[in-house]
Peer 1: 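Quick one: this structure, given as structure tokens, is what I'll be asking you about.
Every number for a ligand or one of its atoms is a count from 1 in the order of the listing. Throughout, residue positions are numbered sequentially from 1 according to the sequence presented. Computed from a predicted model, the values in this text were never measured in an experiment.
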Amino acid sequence: MSGPRVAVYPGTFDPITLGHLDIIRRGTHLVDRLVVGVTTNPSKSPMFEVEERLSMVRREIADLPSVEVVSFDALLMDFAESQGASVILRGLRAVADFEYEYQMAGMNQQLNDDIETVFLMADVSLQPIASNLVKEIARYGGNIGKFVPAAVAADVAAKLRG
Ligand code: ADP
């Protein structure tokens with residue numbers, strides 16, 4: 001395939017963590033343009049509105065010129081195609097992620113066999129990080145500073161204060 005290589009990295013990013021950011025950085029080394037796709041995903045009852053998640057991700061990737069942040073509410077493969085992507089980027093943590101990711105990649109392959117799902121591992125120290133645990137720790141007053149950027153920790157604290 002000719003032209004720039006584009007990947008879509010989809011997720012809820014509720015909120016974006018240091019794990020997500022590590023995957024994004026690693027992804028930028030593989031493609032010319034990386035589109036972070038922020039899903040509206042109302043079924044997950046996110047803590048942050050999609051507009052808030054978009055601006056948090058944009059703020060954290062501001063130093064990465066090849067990364068763009070877009071929200072989407074569509075079939076992932078249709079979104080990827082609309083972005084001219086040939087790659088779906090996903091992060092893989094422990095076995096717990098595998099089952100779901102395996103199934104999703106398999107079904108997406110059947111929907112569009114021209115788009116390849118590529119899995120990356122975050123730095124070992126960042127692998128246990130998950131947005132839902134970050135939120136749980138913060139709700140109980142724990143320090144999430146090791147898991148998310150400082151500005152995101154402040155956003156979570158502000159959200160919890162209402
Ligand atoms: P989703 O709702 O699609 O799972 P998430 O925002 O939770 O969205 O995650 C987006 C992607 O980032 C998923 O592929 C997930 O496995 C990956 N990911 C999240 N946290 C980490 C981490 N600490 N290390 C590696 N990959 C991660």
Peer 1: Quick check: G19 and ligand 1, any N/O pair under 3.5 Å apart?
Peer 2: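 Between G19 and ligand 1, no N or O pair is found under 3.5 Å apart.
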
Peer 1: Please report whether ligand 1 has a polar contact with R90, defined as an N or O pair separated by less than 3.5 Å (distance criterion only).
Peer 2: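 Between R90 and ligand 1 (N or O atoms, distance only) the closest approach is under 3.5 Å.
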
Peer 1: What's the shortest heavy-atom distance between A85 and V8, and which atoms?
Peer 2: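 Looking at all heavy atoms of both residues, the shortest contact is CB-CG2, 3.7 Å.
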
Peer 1: Any N or O of T12 that comes nearer than 3.5 Å to an N or O of ligand 1?
Peer 2: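 Between T12 and ligand 1 (N or O atoms, distance only) the closest approach is under 3.5 Å.
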
Peer 1: Let's go through V134 and T17 carefully: what are the C-alpha distance in whole Å and the side-chain angles of both, what is the deciding distance for side-chain contact (heavy atoms from CB on, under 4.5 Å) to 0.1 Å, and is it a yes or a no?
Peer 2: CA-CA 8 Å; V134 163; T17 69; 4.3 Å; yes

Peer 1: Under 3.5 Å between any N/O of K44 and any N/O of ligand 1: does that happen in this structure?
Peer 2: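 In this structure, K44 places an N or O atom under 3.5 Å from an N or O of ligand 1.
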
Peer 1: Compute the shortest N/O to N/O distance between F13 and ligand 1 and return yes if it is under 3.5 Å, no if not.
Peer 2: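 Yes, since at least one N or O of F13 sits under 3.5 Å from an N or O of ligand 1.
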
Peer 1: Enumerate the atoms of ligand 1 whose separation from the nearest heavy atom of A122 is less than 4.0 angstrom.
Peer 2: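 This gives 24 (N), 25 (C) as the contact atoms.
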
Peer 1: Which is it for L126 and ligand 1 at heavy atoms under 4.0 Å: side chain, backbone, both or neither?
Peer 2: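 Just the backbone.
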
Peer 1: Within ligand 1, which atoms have a heavy atom of E101 less than 4.0 Å away?
Peer 2: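 Numbered from 1, ligand 1 contributes 13 (C), 14 (O), 16 (O).
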
Peer 1: Yes or no on side-chain hydrogen bond (donor to acceptor under 3.5 Å, both in side chains) for D123 and S125, after CA distance, side-chain angles and deciding distance?
Peer 2: CA-CA 5 Å; D123 183 273; S125 66; 2.6 Å; yes

Peer 1: Between K135 and D14, does any side-chain N to carboxylate O distance fall below 4.0 Å?
Peer 2: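 Salt bridge present between K135 and D14.
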
Peer 1: Any N or O on Y9 sitting closer than 3.5 Å to an N or O of ligand 1?
Peer 2: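 Checking ligand 1 against Y9, an N or O pair does fall under 3.5 Å apart.
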
Peer 1: Considering only NZ, NE, NH1 and NH2 on the basic side and carboxylate oxygens on the acidic side, decide whether E68 and R58 come within less than 4.0 Å.
Peer 2: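 A salt bridge is absent here (no side-chain N lies under 4.0 Å from a carboxylate O).
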
Peer 1: Check each atom of ligand 1 against the heavy atoms of G11 and keep those under 4.0 Å away; list them by number with element.
Peer 2: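 This gives 3 (O), 6 (O), 8 (O), 10 (C) as the contact atoms.
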
Peer 1: Would you mind checking which non-hydrogen protein atom is closest to atom 21 (C) of ligand 1, with the distance to 0.1 Å?
Peer 2: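 Answer, as residue, atom name and distance: R93 CD, 3.5 Å.
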
Peer 1: Under a 4.0 Å threshold between the charged nitrogen and the carboxylate oxygen, would D155 count as salt-bridged to R59?
Peer 2: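 Salt bridge present between R59 and D155.
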
